[in-house]
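Comments concern the structure below.
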Protein chains: 2
Amino acid sequence: MAREGRKSRAVTILDIAKSAGVSKSTVSLVLKRSPLVKEETRQRVAGAMDALGYVYNRGAASLRRARADIVGMVINDLSNPFFAELAIGIERALQNSGFVPFIANTAESVVRQAEVVRSMREHGAAGLILCPALDTDVAEISRLEARLPIVLAIRRIIGTRASLVVSDNLAGAARATEHLIELGHRDIAFVGGVGRMVVFQDRVAGFAGAMEKARLAVEPARTIESMPTKDGGFDAMKRLLSLDRRPTAVVCFNDVVAIGAMLAIARQGLTVGRDVAVVGFDDTAEARHVSPALTTVSVDAGSLGERAAQMLLRQINEGERRLESYVGEARLVVRESCGADFKRRIAS
Amino acid sequence: MAREGRKSRAVTILDIAKSAGVSKSTVSLVLKRSPLVKEETRQRVAGAMDALGYVYNRGAASLRRARADIVGMVINDLSNPFFAELAIGIERALQNSGFVPFIANTAESVVRQAEVVRSMREHGAAGLILCPALDTDVAEISRLEARLPIVLAIRRIIGTRASLVVSDNLAGAARATEHLIELGHRDIAFVGGVGRMVVFQDRVAGFAGAMEKARLAVEPARTIESMPTKDGGFDAMKRLLSLDRRPTAVVCFNDVVAIGAMLAIARQGLTVGRDVAVVGFDDTAEARHVSPALTTVSVDAGSLGERAAQMLLRQINEGERRLESYVGEARLVVRESCGADFKRRIAS
DNA sequence: CTGAAAGCGCTTACAG
DNA sequence: CTGAAAGCGCTTACAG
């Protein structure tokens, strides 16, 4: 009935050694798959482990080796499918690396983020992949980055020299805006996102650049900030639609904002794509699945995650600091929400 | 330039002790906030920690105390918002418990699940919250459950005596079905989910029970299995719509399946709610956000997660085995996809 | 391949 | 409050 857990005395390599009639050292060699041990001995030891229900104590090993096999992934919003896909990509890349990823969700709280990071360091994390929460302090990142390998993902923070994996926000937003302009739109708004985020600034810059190139006005009143969530997008779009002159198209901060915006448009009795064109950013699985399907900028969250993981592994293994940056391609994926279809039907 | 990480010699309590002019024991007492240490000493020690950049080594502490402060959460599909919400609820409940949750995603692979569980045990997890992957072996759970505190969440597995947090699948599905029957539907199908999952069996049983109570036929050909994903739901619905006689309503295995099904219906040129009524199960945030809004069975993933966490904490703290079960209420939330609205408009 | 010894950083009694 | 000692379970040389 009693559990054999950490409570009662655990089975150790010494027990295994006795049971298999070898020394502690030999068991340790078996554990690390050393070729020094002959097959027959190896099997005897493995048999003893099975029989006694041995569980390797990584804590003890880490303590001795002064290095643990975990890496932390700190995610700012796990309920956003984009970050869930990112996390899954990171996990995939870590699969056979000898490191296990531990995920934590900060829910955009810097306080929570500090706790989580501290906890991961206390557990001996060999490195961190960090998607910084809103309003993360530059100094905090710099301090961290001096102490352990770290890769910043998705959200750039100005003033740090940490390794970085982001997507090409400027080009992506520009491309999305150009597409709307090509479709004939002149009155285009930017919806969602928080002004003090660098990602927001980059995307707005891409948007404004494309507008200016086409000699179109960028009115400050037509850039509506919001939390980068579905509800945020819904509210922002509602506000935008309540203005006296409504835009014919909107570039949204990201997909969840765009989906929220689409709902606000529908709620208003308008048709997405015909009355108001919508484009998103991220290309999460949801973008394909909503109706009308969302035209968006694809950044491939999964492969960004893989990149970040590989970058972190290099940094951990090479010991000394080696900073890299990767800017993932941002590719426009035209579906229905931009109304390209409606235009075509009218033209023909 | 050099990192102070685990590579070079780490700062230990001995360094702190020297720097603060106290003994190692005193530092340890400060660490655990013992009232034995007077405030002035405490501050001196805390100051030294700050100055030297001390990081508590939990691995060493766990080793000595033979007990770690982590609990594992093993999730079968983190890309399903339902499980993401569950995970967030678990995290919330663990916030001030002294335990930190480590999440891992098995992506429905039992092989991956075994690896992940082993890794968590090796790291000394004090307990596990497990959402079993498809086809998880009963024997494996039983073995595990004899060795450490464990709470099974969401997916019941027949034959184990482990603690359990699930929702009332039978009643929920019955309620959803009854609602469709009240709306006048006679020809109702069940869409999505994998037949060998107990959750599926429970929900189908609820569905069939309600049908039989209304003396309606349950045709096996009208129970279409699929992976419990959006794509699965899409495919299943497509198959269902290709039958000669199409049902007027469908009860879906869960929300992601329902949303996939809604897309298949729309793709077919039909209108959800008017041509085919749809109800889901879970009430994820997405259910509110799709259009038409999904009528579904609310089970409150977040609070199920909290329950599971509390149950696990009790089990860990009380030392000996104490099995509990919690069956969360399943409440029908009527929105638009069931067509209640259309019916009303016709009636008036 | 094996055995003995030391040590990773902490906590736990225990005596003062 | 403090100090000295032992020990958690492992790995790491090192000598055989």
Side-chain angles (χ1 to χ4, degrees), chain A residues 4-46 48-49 52-69 98 121-126, chain B residues 4-46 48-49 52-69 98 121-126:
Chain A
E4 300 170 19
R6 311 267 159 174
K7 312 272 169 67
S8 44
R9 226 179 101 328
V11 176
T12 75
I13 54 168
L14 202 60
D15 301 315
I16 304 299
K18 272 188 206 128
S19 162
V22 299
S23 81
K24 218 167 66 152
S25 309
T26 306
V27 177
S28 186
L29 290 174
V30 169
L31 243 19
K32 59 170 63 153
R33 305 185 204 300
S34 162
L36 292 179
V37 184
K38 74 163 159 265
E39 178 58 19
E40 186 230 311
T41 315
R42 203 196 57 70
Q43 289 199 2
R44 195 146 35 91
V45 171
M49 287 180 177
L52 300 186
Y54 174 71
V55 176
Y56 183 60
N57 185 332
R58 262 173 214 287
S62 303
L63 178 55
R64 180 60 237 256
R65 291 200 314 211
R67 157 174 179 162
D69 66 339
R121 292 192 65 204
E122 291 182 351
H123 282 285
Chain B
E4 302 170 18
R6 312 266 159 176
K7 311 272 168 70
S8 46
R9 224 179 101 329
V11 177
T12 75
I13 54 168
L14 202 60
D15 302 314
I16 304 300
K18 273 188 205 126
S19 163
V22 299
S23 80
K24 221 168 63 153
S25 308
T26 307
V27 178
S28 185
L29 290 173
V30 169
L31 244 20
K32 57 169 67 152
R33 306 183 203 302
S34 161
L36 293 178
V37 184
K38 72 163 160 264
E39 178 58 17
E40 185 230 312
T41 315
R42 201 195 60 70
Q43 288 199 3
R44 195 146 35 90
V45 171
M49 287 179 177
L52 301 186
Y54 174 71
V55 177
Y56 183 60
N57 185 330
R58 262 172 216 287
S62 301
L63 178 56
R64 180 59 239 252
R65 290 199 315 211
R67 155 174 181 162
D69 66 341
R121 291 192 66 201
E122 291 182 352
H123 283 285

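At a cut-off of 3.5 Å, with distance as the only test, no side-chain donor of B/His123 or A/Asn57 sits close to an acceptor on the other residue.
The side chain of A/Leu63 approaches C/dC8 more closely than any other nucleotide in the set C/dT2, C/dC8, D/dC10. Looking at the side chain of A/Ser23, the nearest of the listed nucleotides D/dG9, D/dC1, C/dG3 is C/dG3. Candidate nucleotides C/dT2, C/dC10, D/dC1 were compared by shortest atom distance to the side chain of A/Thr41, and C/dT2 ranks first. Of the listed nucleotides (C/dG9, D/dT11, D/dG9), C/dG9 has the atom at the smallest distance from the side chain of B/Asn57. Closest contact between the side chain of A/Arg64 and the listed nucleotides C/dC10, D/dG9, C/dT2 involves D/dG9. Of the candidates D/dG9, D/dC10, C/dT11, the closest approach to any side-chain atom of B/Arg65 belongs to C/dT11. Taking only side-chain atoms of A/Ser25, from C-beta outward, the nucleotide of D/dG9, C/dA13, D/dA13 with the closest atom is D/dA13.
Taking side-chain N and O atoms only, B/Lys24 has no distance below 4.0 Å to OP1 or OP2 of C/dT11. Between A/Lys32 and D/dC10, a side-chain N or O to OP1/OP2 separation shorter than 4.0 Å is absent. Between B/Ser28 and C/dC10 there is no side-chain polar atom (N or O) within less than 4.0 angstrom of OP1 or OP2.
Rounding to whole angstrom units, CG of residue B/Leu36 and C1' of D/dT2 are separated by 11 Å. Atoms CG (B/Leu29) and C1' (C/dC14) sit 13 Å apart, rounded to a whole Å. Per the geometry, NZ belonging to B/Lys18 stands 17 Å off P belonging to D/dT2, to the nearest Å. Between the C1' atom of D/dG7 and the CZ atom of B/Arg67 lies a distance of 19 Å, rounded to the nearest Å. Rounded to a whole Å, the CD1 atom of A/Ile13 is 13 Å from the C1' atom of C/dG3. Regarding B/His123, its NE2 atom lies at a distance of 14 Å from the P atom of D/dC10, rounded to whole Å. The interatomic distance linking A/Tyr54 (OH) with D/dG9 (P) rounds to 10 Å, in whole Å. Atom CZ of B/Arg33 is separated from atom P of C/dT11 by 12 Å (rounded to the nearest Å).
The residue among B/Val22 and B/Ala60 whose nearest nucleotide of DNA chain D lies closer to the 5′ end is B/Val22.
With A/Thr26 contributing its side chain and A/Val22 its backbone, the two residues share no donor-acceptor pair below 3.5 Å. Not a single donor-acceptor pair under 3.5 Å links the side chain of B/Arg42 to the backbone N or O of B/Val37. Checking side-chain atoms of A/Ser19 against main-chain N and O of A/Asp15 turns up no donor-acceptor pair under 3.5 Å. Looking at A/Arg44, its side chain does come within 3.5 Å of a backbone N or O of A/Ala20 through a donor-acceptor pair.
Using N1 to N3 plus N6-O4 or O6-N4 for Watson-Crick, or N1-O2 and O6-N3 for G-U wobble, each under 3.5 Å, D/dG16 pairs with C/dC1.
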